[in-house]
Amino acid sequence: MRSPRSLRVLLFLAAGVAAATAAFGQREATESGVKAAFLYKFANYIEWPANAFTSPTAPLVIGVLGADEIAGELDRIVPGRNVNGHPVNVKRLKSGDGAAGVHILFVGKEQGGGAATVRAAREQGALTVTESERGLETTGSAINFVTAGERVAFEVSLDSAEKSGHRISSRMLAVAKRVVPRS
Amino acid sequence: MTLGAVSRSLRRKVLLLVLAATAIALGLSALGLVIYDLRAYERQWTNDLNTQAELLARTSAAALSFGDRETATRDLAVLKVRPRVMVAAIYTRDGELFATYAKPFVVNPTFPARPEADGYRIEGDELLIYRRVVEGSEPIGTIYMRALYLPWDRLRDYLGILLAVMIASFGVAALLSGWLQGAVTDPILEVSNVARRVIEQRDYSLRARKTTEDEIGQLVDSFNAMLAEAGRRADALRESDVRKDEFLATLAHELRNPLAPIRNALEILKMPGANPAMLEKARQMMERQLAQMVRLVDDLLDVSRITTGKLGIRKALLEVQAAVRDAIETARPFLEARRHQLEVQLPSQPISIEGDRTRLAQVFANLLHNAAKYTEPGGYITLSLAEEDDQAVVRVRDTGIGLAPESLAAIFDMFVQVDRTLERTQAGLGVGLTLSRQLVTLHGGTIEAKSGGLGKGSEFTVRLPLAGAALANADPEVRRLRARQSRRILLADDNADFADSLAELFAARGHEVRVAHNGAEALAAAAAFNPDFAFLDIGMPKVHGYEVARRLRDMPATSECVLVAVTGWGQEDDRQRAREAGFDRHILKPVDPAEIDLILDSY
């Protein structure tokens, strides 16, 4: 309600975000809010590599590059929550920062053609998430937000996820708008 | 079927029993099964739906989480393979409907406005389930399902199956009871039929057919054995009837025999010119023939006593020679009629035994009679008496038709006659040897028959134990002396004539006699007179004989007195009572003076 744009998005996402807002019991959802909630929720459906955490209570780090608004939403969501016993930390990254220690790296669209960043992060073992309307193939990320009609949806590239050493739950794949199989 | 029919027909009882047992067993097991199943049904069905809800919660978590209604709706749509699940829905965490499902035939499906807490409940014929959807550890929504809950349908199915099973079981039971009828009731009916035919036809040779070896088979066996026994008895009865008829005819004839000599004697008595010797002879003959008739009547009684095992003898000391002479006298007319020659060998020294003179004479006469009867006229018959090994032995030998070895044992049986072809006039009563054996046995003796075979004559031997050795060996001189001794005798009898005549008899023999006419007098007389012997009537007025005997025994003066009961009753019971009362001897009226002499001589 802070801006006309927010209002418009709210209208757009009316039903789509109902679940997200329900899950967090917060104010009206914005697109950033939905995406932030999704980022956090993805963690529940990911099978992490064996060496991803140093201990069962080690924090799960969500790195955000070039999307301050989403980072801000995440900051509000994560305190006090955990994923399978891992508390969730949000880490704001700047261009050029490495993805070391980051479990999920979100590359915002302000970052432009982030294919190189994505590739670098993937090699460092981070699950990469982008928000490119041009699709997964251009970013090379494992998950890519798209808008489907009036709601936020996502695409999944099993190929990319595998390259970073992740397996994605079939239950999550069931709700993905598009799944790119392994090549 | 009426109650009466049931109680009459064994077959129906068996059928009813089998059917009732089947029905009860099936009913009880079905009841148990239904109760168990109704409980299991609820548990299974709720478990089943819970599992289904759990599955849905898992599969739809992502859809709910990422707000994907289409996927959630698709997830719910799998419920179309569950025919009883009518409607289902997914609610968001806030309690708003997120996705729904309803069977196509459910018109205007309704859903609760808000989901309830986890759990299930039964509402009418529907089962309602709520189940939270959890992501990680966070609840993110609720699954709702409504399914048909129809235990009564199931119950109906059960009852249907039970009915079918019952019908089948009853069929089997009917078959079984049919078989049982074959195994159980048929043999019993057979027995019952045979029993009826036996009663109707009096045919004891009929037998029930035995078809099994079980208890019924045993019943049939027992029944047949009973029939055989009944048949034997019927035959025995018939045969005994025939024998008795013959016996009666013979008896009539025998009773007439003594009457001829008696009539002749009477004629002699009536003759005006008869000399005293002739008269005496006639009188003696009449006495003998009368005695013979009495004996015949006694025989009749004996027959009945033999039949009932109550034949008794009146024992007294006697010389065997006397009995033998009596027998010869009895048999002589018949021997003479058959022109037999009789040789008699009697020792000069008396042989004493304790016995019944009349009975023994009867035995010997019988043997003589038989010898005469079964020897062709003009035969040779020997009768000998001897003392051997403390036994008096009487042998009767003849030169007659003899006996086949196989008949030797049978001839002592009642109504058995060796030669059935003999004319009735010679047949006799057919009880002779039976009676003889019984009598000899009662005397503690034996009788046996010997024969060299048919046509070689026969020999009958009677052995009787001698009386007490002292008496038997007593010097005849001593006994004569004793006999001369005067005794003090008390006679008590309410029959004055009898008492007085007997008193005269004693007095004539040199004894001292007192007479009393009732028990009280007898006691008084005994106290004053102190007799050696007391002859007491039993049926006396005031105090009866038994009581007199008891009191005499109790009085010191008469405790050693010889007490003799004189009665008209000679049954073993009477003798027993007399002994118990303290009597030493028991003699029967009419009293034979010789018997009294013997008693007096014995003490």
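Naming: A, B, ... by sequence-line order, numbering from 1 per chain.
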Does CZ in B:Arg132 sit with more than 12 non-hydrogen atoms of other residues, nucleotides or ligands closer than 6.0 Å? no

Non-neighbouring partners of A:Asp68 that pass salt bridge (Lys or Arg N to Asp or Glu O under 4.0 Å), sequence neighbours left out: none

Any chance CD of B:Glu70 has more than 12 other-residue heavy atoms, nucleotides or ligands included, within less than 6.0 Å? no

Any chance you could lay out the salt bridge (charged side-chain N to carboxylate O under 4.0 Å, His left out) test for A:Lys177 and B:Asp68, step after step, and finish with the verdict? CA-CA 10 Å; A:Lys177 187 168 185 296; B:Asp68 187 343; over 6 Å; no

Run the side-chain donor-acceptor check on residues 30-39 of chain B: report pairs under 3.5 Å with partners two or more places apart or on a different chain.
from: B:Asp37; atom 1: OD1; to: B:Arg154; atom 2: NH2; distance (Å): 3.4
from: B:Asp37; atom 1: OD1; to: B:Tyr158; atom 2: OH; distance (Å): 3.3
from: B:Asp37; atom 1: OD2; to: B:Arg154; atom 2: NE; distance (Å): 2.6

Which residues in residues 161-176 of chain A have any heavy atom closer than 4.5 Å to a heavy atom of chain B? A:Arg171, A:Met172, A:Ala174, A:Val175

Return yes when atom CZ of A:Arg178 has more than 12 non-hydrogen atoms of other residues, nucleotides or ligands closer than 6.0 Å, and no otherwise. yes

Please name the pair of heavy atoms, one in B:Ala61 and one in A:Tyr45, separated by the smallest distance, quoted to 0.1 Å. C-OH, 3.5 Å

Closest non-hydrogen atom pair, B:Phe66 against A:Phe38: O-CZ, 3.5 Å

Side chain, backbone, both or neither: which part of A:Phe42 has a non-hydrogen atom closer than 4.5 Å to chain B? both

Which pairs count as ring-ring contact (aromatic ring centres under 6.0 Å, His included) when at least one residue sits in residues 111-136 of chain B, sequence neighbours excluded? B:Tyr130-B:Tyr144

